[in-house]
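Some notes on the structure that comes next.
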Amino acid sequence: MIVTIDEASPAAPYEQIVTQVTAAIASGALATGSRLPTVRQLAGDLGLAVNTVAKAYKQLEAEGHVATRGRGGTVVLGHVRDGAGDETQAAATLLARTAQRHGLDLAEAIGLLRRAW
């Protein structure tokens, strides 16, 4: 997995990590069961604080993309819970496309989802 940080980007480094990891999962570049680098390793590779990478991993875990398994490391999870995956993915795709069409960014779309939750 190759993650890069664009210092000129308005997105915070942890957001860039989350975006790149989720894109790699979506594209299949990171398969279910793949292990992510340790927080310390990725922080060192990117020249970031450990807490910055930990924040990204925590968000990835909260969103259901990865799971941290102690000494087993952080691994990519499969699809959403059985029975909910297809319908939920379709709804998420619809939200994303509609938000993009109306000029919303990811943070604004997430805000809409949080308010609906």
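- The backbone N or O of T4 sits less than 3.5 Å from a side-chain atom of Q20, completing a donor-acceptor pair.
- Side-chain contact between L48 and I17 is present, with at least one heavy-atom pair separated by less than 4.5 Å.
- Residue L104 shares its hydrophobic cluster (ILVMFWY side chains chained together at separations under 4.5 Å) with L112.
- In this structure, R71 and R35 approach most closely via the heavy-atom pair O-NH2, 4.3 Å.
- Every residue two or more places apart in sequence or in another chain was checked for a side-chain contact (heavy atoms from CB on, under 4.5 Å) with N51, and none qualifies.
- Residue L36 is grouped with residue I5 when hydrophobic side chains (ILVMFWY) are merged at heavy-atom distances under 4.5 angstrom, including chains of intermediate members.
- No donor-acceptor pair under 3.5 Å is formed between the side chain of T98 and the backbone N or O of L95.
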So Y57 and V18, side-chain contact (heavy atoms from CB on, under 4.5 Å) or not? Walk me through it.
-> CA-CA 7 Å; Y57 277 28; V18 170; over 6 Å; no

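- Members clustered with L106: I110, by chain and number, using a 4.5 Å side-chain heavy-atom cutoff among hydrophobic residues.
- The main-chain N or O of L30 is never found under 3.5 Å from a side-chain atom of S34 such that the two would form a donor-acceptor pair.
- Atom OG1 of residue T32 and atom CD1 of residue I25 lie 8.5 Å apart, to the nearest 0.5 angstrom.
- Cluster membership check: V75 does not share its hydrophobic cluster with V21, using side-chain heavy-atom separations under 4.5 Å among Ile, Leu, Val, Met, Phe, Trp and Tyr.
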For residues 58-69, dump all side-chain donor-acceptor pairs below 3.5 Å to protein atoms at least two apart in sequence or in another chain.
from, atom 1, to, atom 2, distance (Å)
Q59, NE2, E63, OE2, 2.9
E61, OE1, T68, OG1, 3.3
E61, OE2, T68, N, 3.2
E63, OE1, H65, NE2, 3.0
T68, OG1, T74, OG1, 3.2

Could you list the donor-acceptor pairs under 3.5 angstrom formed by side chains in residues 7-16, with sequence neighbours left out?
from, atom 1, to, atom 2, distance (Å)
S9, OG, A11, N, 3.0
E15, OE1, A12, N, 3.0
Q16, OE1, D6, N, 2.7
Q16, NE2, D6, O, 3.2
Q16, NE2, A11, O, 2.9

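- Take T93 and apply the side chain to side chain donor-acceptor pair (under 3.5 Å) test, not counting sequence neighbours, and it matches Q89.
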